[in-house]
Every structure is written in structure tokens, then in C-alpha cells.
Amino acid sequence: MDSPNRQTQAARLYHDVTKHSYTSVRSGAHYLDWDNRPFPFKIYPHAAALALPRNLNLSSMPTLQALSGRAQVDPQTPLDLQRLTRVLFCAGGLTRKRKVGAEYYHFRAAPSAGALYPIEIYLAGGPDVEGLEPGLYHFSPADLKLRGLRRGDWRAALARACAMRPSVAQARAIVILSAIFWRSAWKYQARCYRYCFWDAGTMLANLLAAADAEGLEAEVIVNFADAEIERLIGVDGEREGPLCIVALGRGAPPEREEVEVPQLEMETVPLSMEEKSYPDLVRMHRASKLSGVDEVLAIATGQVHPGAIEVSRSAWPAGSGLGETILRRGSTRRFAQEAISAEELTAILESSSGHPRCDFAPLGDTYLIVNAVSGVASGAYYYSPTRRALELLKAGDFRAEAGYLCLEQPLGADCSALLCYMASFEHLLDALGNRGYRAAQLEAGLHGGRAYLAAYALGRGATGLTFYDDDTVEFFSPHAAGKIPLLMVAIGVPA
Ligand SMILES: Cc1cc2nc3c(=O)[nH]c(=O)nc-3n(C[C@H](O)[C@H](O)[C@H](O)COP(=O)(O)O)c2cc1C
């Protein structure tokens, strides 16, 4: 009998029941219960804390270079607490706060749908991180501290969960991104399963760019034995579940290949008075779990997909440094209906679409609606990353359609270009089973996060957007027939 991951009607069903349509958004009875709003930080009241350095000195490497996959990366680059903090801060640090009523709202380095921040960051450090005792830690963005969860070197346990993937076994440090689904489900209900992967993807965009700027090798892993990672980080795999792993740098392998992982008993502060679980989400998460090493090996061929697309960047505008871009980034709330240049669009598309070093082959495609780009006719396009070319699907002014497709938000109508990441459903399920649905959503978040960074580096604005599913496919068809929309990002001139 096929494993649950290969019973791919689960992903198809989840996708269908969580589609947005003109009717569904009008008929939903869901409301936001502000008294039960989940707290955006995970707090371990009894864990020992290690304060991270606050004089961060973020990288001034041009953002587009850090996104290119061609920065000078050396596997031997040493990792110390300063470097590690910069990488963690760029992924999940607090960058701004705003007072709304009597309360402060904190915004973070990477965008998050609805500013709900469902993603938690854990870190397993080996003996090759200067200034950090080997151990498993939780990163706390609120006070910029690491909280100790387990002492010792846990890389062997992580490597085992990833079928002894060398990048994990030999990493200097390993980052685990996991989602507390309730934080996002409070607003988005079962559909938030997709949003959690988008949010993990935008964090990955920042994290990988920061690692590149530090000269640190990084590999993303989506295929792992879920239960083993859940046990290691002490989460139940239903309310909170690991989404992806990033191996950072290369050091000495662990001394022991076999390690026992005892149960982790660590109290955390409840997020809200009560938590609601959404059965469609729970079913989808369960159906995309990999049960053990054999199943991991069966889909992750052990191959590393180096992915970075070689691009000639000489004609591109320089743009701001990575640290400055991340500190300045924020989602554009209103676009002026003005044009960006064709060079800017090219730079954003090329920076966005490169594939990272990871354990899966590229899954997604980029479509776009050009509203106002000088030198590019308005219309609907498919972007081919290999040919670095826009293929015109239909010419015309589609501002009204762009605004409609992203849930009738004016941002889509007023932006210069609306990027729409899509993927062939059949292809992603064939490649990785239900797990392919996770990987494709994550990849779209990564591409979207990079589009944000490239746009802000060029002094332009960006925002993620959600969408009407079937109408989007229909708009880009026949080219997009059989595909599913994954995420939209609007780019343009902030008003
Ligand atoms: C995946 C994703 C989807 C988003 N969808 C929308 C959207 O539909 N409408 C909107 O106005 N903003 C959207 N946003 C923007 C978020 O609301 C914004 O990132 C969040 O409020 C945090 O603010 P910041 O990006 O300025 O730091 C989205 C962001 C992401 C990452």
C-alpha cells in the first residue's frame, strides 16, 4: 500500500477546499476574535537565555549580489556568534514597531501574511560555532536571545532524520523553521497552511541572502522524517510542525553517529485563551509527512540541486546593501500608478527566480501582469528563467483584472507589475507526493521574499497578496492550464 504521502488526493482535496472565490469570501462566517488573538512570540519561561550581540553591523554587500547565488561562498567560512546573529536577525529579527491603540505591534525582517508571524526558529549548533556551547536552541526575536533547550551536539540526530545528508551531518549549525499553525489560522483558518509555507519562504529569502553575504554555504532541506525533528525540537507535529531545515557552513562531522533523543519537557506560555484546530489543515499536514529514512530516501535522491541561474548582471542598477534593504523593507500599502523600468523588472525577476542549493528540483513558474513598465507592453506574460525572457500571453491593459484577481485589493491594480507564482499540480505531486505541495508553497514564498528584497534594494516597493484561485488560473490559461496559483507579489512605486 502507498504511504500517505503518495496518496495525493489529500493535497488535491486540501487545495480545493481552501480555494478563495468571489463567492467564498462573501459567504464565510469567520470573524476575528480579538480577545483570543494569539501572542506572536513563543516564550520558554524556564529556559536559560544567552543574549546575542546587539552591535550587528549588517552586511553592506549589494542586495542583488547577495541574491544572485554567486556571492563568494566558502564551505570553510568560520561561524561565530556575531555572524550567526546576523543570519538569524535577517531571517526573523524585529525591525520596526508601531503603536496601535495602547499596544505596540512589532514588525520583522521578513514579511508575514497578516503580520501574524507563525514561524519559529530553532538552531542546532555543533562544536564549530565560536562563542556558542553546542546545543539545541530556540531563537527569541523579542529580546534577541537564544534559549537553551538541549545541551550537546544534535547534528547526528538531524542528519539521521534527513537520511544522513552530508550537508546536515557536517554543518556548523542547522536552522529549523517550524510553524505554530494556530497563529495564522486565527485569521486565515485552514487556508493558512499555505501561508505558513509562504512565511517560511520569505524568511528563507532573507536567511539565504544573509548567509551568502557572510560567505556561508547554505542548503535547504524539505524532505525529512517529520517525527524525528518534532521529537528533537519538542513539538507535537499537529499544533506545531517543522517545515524546513537549513544547513549552514561545513565543519567537522559529529563524533557519534547514533544519538538517543530523550523527550523534551519544556514549558511554554500559552498563546491565547483557547486554540482552535482546523481538520482540513491537520489532515493535509499528516498526509504530507515522511515516516522515516526510507521514505526520505525514496523522494530525496541525495542529489543537491545547485540551482542558481547564471545571469549577467552588469547592466543592472547597483541598489542598496543587504542590511540596509532588510531594515528598510516593509510592505507597500499603496502604489502610485507609475512605471518602473524594464531593467528594474528584469533585475527583480532574475533575483527572485533562482533556485537555492536544496534537496528538490525547481517546481514553480512565474507569470505576471505588466501594468506599467517602461519599454514593456502592458499585458499578461510568462517569465522563462532559463531563457531570461518574457513570453507575451496576451497584450492589453489588465489593471482591473489584476486588482480583481488579488481579492479585489487596489494594490494589484495600482502596482507596476503583479507577479504570480504558479506550479503544475501534477508535476509537483509526481515529484514529491503530498510533500511537493509543501515544497512548492515554500519555494513560492522564497521567490516572493526575494522579489521584495530586490524591489526594495532598487528603491521600489512590494507586497505579498493572496488571490482568487480558479480565476487566476483561468486568466493565465491556456498557458497555465493544470497549474495552481501559489502566491502573488505586487511590485511598483509606493504612493
Ligand atoms: C505571503 C504574504 C501574503 C500577503 N498578503 C497580503 C494581502 O493579501 N494583502 C495585503 O495588504 N498585504 C499582504 N501581505 C503583507 C503583510 O500584511 C505584511 O507583510 C505584514 O503586515 C508585515 O508587514 P511588513 O511587510 O511591512 O513588515 C502579505 C505578505 C506576505 C508575506
Side-chain angles (χ1 to χ4, degrees), residues 18-20 24-25 28 32 37 40-41 89-100 103-119 141 177 179 181 183-189 191-207 243 325-335 352 364 402-415 418-422 438 440-456 460-469 471-472 485-492 494-495:
T18 58
K19 278 178 182 172
H20 273 333
S24 75
V25 298
L32 295 182
R37 179 172 168 265
F41 300 107
F89 177 86
C90 287
L94 302 189
T95 49
R96 289 173 291 134
K97 67 177 174 184
R98 194 179 325 133
K99 200 169 182 187
V100 184
E103 251 189 277
Y104 278 106
Y105 282 75
H106 292 269
F107 291 82
R108 305 197 191 179
S112 160
L116 296 167
Y117 306 109
I119 307 302
L177 299 185
F181 300 116
R183 272 211 203 108
S184 184
W186 171 75
K187 180 170 184 185
Y188 299 116
Q189 304 168 270
R191 186 173 160 101
C192 88
Y193 192 64
R194 311 184 193 189
Y195 298 31
C196 288
F197 284 92
W198 302 343
D199 282 4
T202 63
M203 288 169 76
L204 267 187
N206 286 22
L207 187 155
L243 307 189
T325 304
I326 287 180
L327 292 177
R328 228 170 3 91
R329 190 212 60 77
S331 296
T332 305
R333 300 292 82 195
R334 203 153 64 84
F335 287 109
S352 153
Y404 170 79
L405 291 176
C406 58
L407 296 197
E408 300 160 70
Q409 301 184 74
L411 289 158
D414 297 339
C415 66
L418 180 66
L419 312 186
C420 177
Y421 302 106
M422 301 183 83
R438 293 191 188 187
Q441 303 288 354
L442 183 78
E443 186 194 74
L446 168 64
H447 288 170
R450 286 179 173 159
Y452 258 99
L453 291 176
Y456 275 85
R460 303 310 195 178
T463 184
L465 291 171
T466 187
F467 44 83
Y468 290 138
D469 293 74
D471 292 335
T472 301
L486 300 165
L487 173 63
M488 288 188 183
V489 175
I491 53 175

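Just so you know, ligand 1 is whichever comes first in the structure, and atom 1 is the first atom listed for that ligand.
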Within the distance-only criterion (no hydrogens, no angle test), does the side chain of [X] pair as donor or acceptor with the backbone N or O of [Y] below 3.5 angstrom?
X    : Y    : value
D469 : K19  : no
R329 : R108 : yes
N206 : C90  : yes

- So does R98 have more than 12 non-hydrogen atoms from other groups sitting under 6.0 Å from CZ? no
Quick one: look at [X] and ligand 1, take heavy-atom pairs under 4.0 Å, and tell me if it's side chain, backbone, both or neither.
X    : result
S112 : backbone
L407 : neither
T95  : neither

Considering heavy atoms of the protein only, find what lies nearest to [atom] and give residue, atom and distance to 0.1 Å.
atom                    : result
atom 1 (C) of ligand 1  : W198 CE3, 3.3 Å
atom 5 (N) of ligand 1  : G464 O, 3.1 Å
atom 2 (C) of ligand 1  : A113 CB, 3.8 Å
atom 21 (O) of ligand 1 : A115 CB, 3.4 Å
atom 23 (O) of ligand 1 : F107 CD2, 3.4 Å
atom 8 (O) of ligand 1  : Q409 NE2, 3.0 Å

Taking N or O atoms only and a 3.5 Å limit, does [X] qualify as a polar contact for ligand 1?
X    : value
S331 : yes
T466 : yes
T202 : no
Y117 : no

For [X], take its heavy atoms, then give the atoms of ligand 1 lying under 4.0 Å from any of them.
X    : value
L487 : 1 (C)
R329 : 24 (P), 25 (O), 27 (O)
T463 : 12 (N), 13 (C), 14 (N), 15 (C)
L411 : 11 (O)

- Given R96, R108, Q441, which has its nearest heavy atom closest to atom 24 (P) of ligand 1? R96
- Of G114, G449, A444, the one whose closest heavy atom lies nearest atom 17 (O) of ligand 1 is G114
- Message: Would R333 count as a contact residue for ligand 1, given that I'm defining contact as a non-hydrogen atom of the residue lying under 4.0 Å from a ligand atom?
- Response: yes
- Message: So, 4.0 Å and heavy atoms of Y195: is ligand 1 close enough to count as a contact?
- Response: no
- Item | Polar side chain donor-acceptor pair, Q441 to Y195, under 3.5 angstrom | no
- R96 and H106, any side-chain heavy atoms less than 4.5 Å apart: no
- Determine whether V25 and Y468 make a side-chain contact, defined as any pair of heavy atoms from C-beta on separated by less than 4.5 Å. yes
- Item | Option passing ring-ring contact (aromatic ring centres under 6.0 Å, His included) with F181 (candidates Y193, W186, F197) | Y193
- Set of residues satisfying side chain to side chain contact (heavy atoms under 4.5 Å, CB included) with respect to R334, sequence neighbours excluded: A495
- Item | side chain to side chain contact (heavy atoms under 4.5 Å, CB included) involving P494 - partner list, sequence neighbours excluded | T332
- Item | Row check, F107 ring normal vs R328 NZ/CZ: under 6.0 Å, within 45° | no
- Nearest heavy-atom neighbours spanning A200 and L177: O-CD1, 3.8 Å
- Query: Closest heavy-atom contact between T463 and F335?
  - Reply: CG2-CE1, 4.1 Å
